[in-house]
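The first residue in the sequence is number 1, and the count goes up from there. First listed ligand is number 1; within each ligand, the first listed atom is number 1.
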Amino acid sequence: MDAKELREHLRAEALSLGFDVFGVAPIDADVQADYFKKWIADGMHGEMEWMGKDTERRTEVTRVLPEARSIIVVGLNYYQPQPNPNYQIAKYALGQDYHNIITKKLRKLCTVMRSLGGAQKPYVDTGPVLEKPLAVSAGLGWQGKSTIVLQPEFGTWLFLGIIITTLELESSSPAINRCGSCTKCITACPTSAIIAPYKLDARKCLAYLTIEHKGPIPVEYRKPLGNRIFGCDDCLDVCPWNKWAKETKENKFKARPQPILKETLSWSEEDFLNQFKGTPVKRLGLLRWWRNALTVMGNTGTPGDLEAIGRLVNHADPMVSEHACWARDQILSRN
Ligand code: SF4
Ligand code: SF4
């Protein structure tokens with residue numbers, strides 16, 4: 001097979017494994033290294049220290065696999081409508097954690113590639129690669145003003161997987177940016193975290209503040225947080241390219257039944273794990289779940305929630321007790 005036939009053979013294999021989109025980036029793909037290094041130097045990654053480590057390796061794929069010749073980028077659609085009107089968990093986190101699901105599929109594709117003589121390194125989200133510019137270079141879509149990758153058929157709702165390979169594959173045509181004059185994601189952001197087109201200050205982003213941030217939610221972000229308990233989809237929900245979004249065909253991503261928020265305030269660690277084991281929410285832990293739940297209840301709760309909140313007012317963890325006092329005071333000030 002020549003480089004083009006090999007690419008098309010692997011595309012068919014990837015689609016048969018359940019991936020929705022497939023493309024190939026050249027080994028010297030433009031990963032916007034200068035932009036990334038400046039973003040890190042400006043501290044916009046906040047407490048996500050792993051992002052700032054080893055930036056050279058992250059921006060040069062051949063440091064990961066010196067003999068690499070091509071980079072495969074695949075996407076898996078995870079869209080589903082938001083199931084809970086009372087509070088929101090970002091759509092990507094409603095069901096089973098995507099890392100294992102995508103890694104298993106990538107490994108199967110790597111097995112096929114090994115049989116064709118290639119050596120491979122697969123990554124899902126946590127590896128030393130810049131997935132988004134690689135996805136653009138591989139023709140999957142373009143990076144929108146919200147910085148998310150937009151794909152014409154699936155909109156913004158794609159998990160990305162990467163395989164760095166020694167196989168020589170013909171590159172796909174890079175995607176063209178089709179945001180045009182639209183600025184919907186920028187104006188929809190409740191915390192003005194998209195500080196300029198294509199520039200996100202993670203420290204202001206509710207996805208960062210509710211998931212990555214370790215301490216109390218800064219007071220100025222508590223009201224804008226609204227009813228978002230884990231992540232935020234606002235800049236994605238408003239994107240016109242999501243008009244054609246289709247529901248995911250991966251059943252493991254489908255939403256689990258969600259608990260009543262005030263009942264979670266009397267949970268044990270075990271209750272928390274029973275609910276969220278195997279989902280992205282598990283990494284929060286019970287204390288930060290309470291932190292977020294209390295912020296949501298401060299914004300949306302009623303006097304009927306005060307008893308449940310009161311149980312955490314004297315909690316031994318100062319973050320939890322302070323958030324409980326804040327939630328109580330917010331509800332009392334409204335009633
Ligand atoms: S995820 Fe939410 S807070 Fe973050 S940039 Fe998008 S709209 Fe803003
Ligand atoms: S909302 Fe508009 S500007 Fe933002 S990513 Fe979508 S198309 Fe681009």
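Inclusion of C235 in the first shell of atom 6 (Fe) of ligand 1 is supported: an N, O or S atom falls under 2.8 Å. Residue C185 counts as close to atom 4 (Fe) of ligand 2, with an N, O or S atom under 2.8 Å. Between atom 8 (Fe) of ligand 1 and C205 there is no N/O/S contact shorter than 2.8 Å.
Atom CZ in R222 sits 13.0 Å away from atom CG in L206 (nearest 0.5 Å).
Listed by number with element, the atoms of ligand 2 under 4.0 angstrom from any heavy atom of L150 are 5 (S).
Contacts between D233 and ligand 1, counted as non-hydrogen atom pairs separated by less than 4.0 Å, are absent for every part of the residue.
When only non-hydrogen protein atoms are considered, atom 8 (Fe) of ligand 2 lies nearest to C179 SG, 2.3 Å.
Contact between A188 and ligand 1 is absent, with no heavy atom of the residue lying under 4.0 Å from the ligand.
D125 and Y98 share a side-chain donor-acceptor pair at under 3.5 Å. With 3.5 Å as the limit, one finds no donor-acceptor pair spanning the side chains of T248 and Q80.
Of all the listed residues (G144, C239, C182), C239 holds the heavy atom that lies closest to atom 6 (Fe) of ligand 2.
Checked against the 6.0 Å centroid criterion, the rings of W289 and F276 qualify as a close aromatic pair.
Counting heavy atoms from C-beta on, the side chains of W142 and Q151 never come closer than 4.5 Å.
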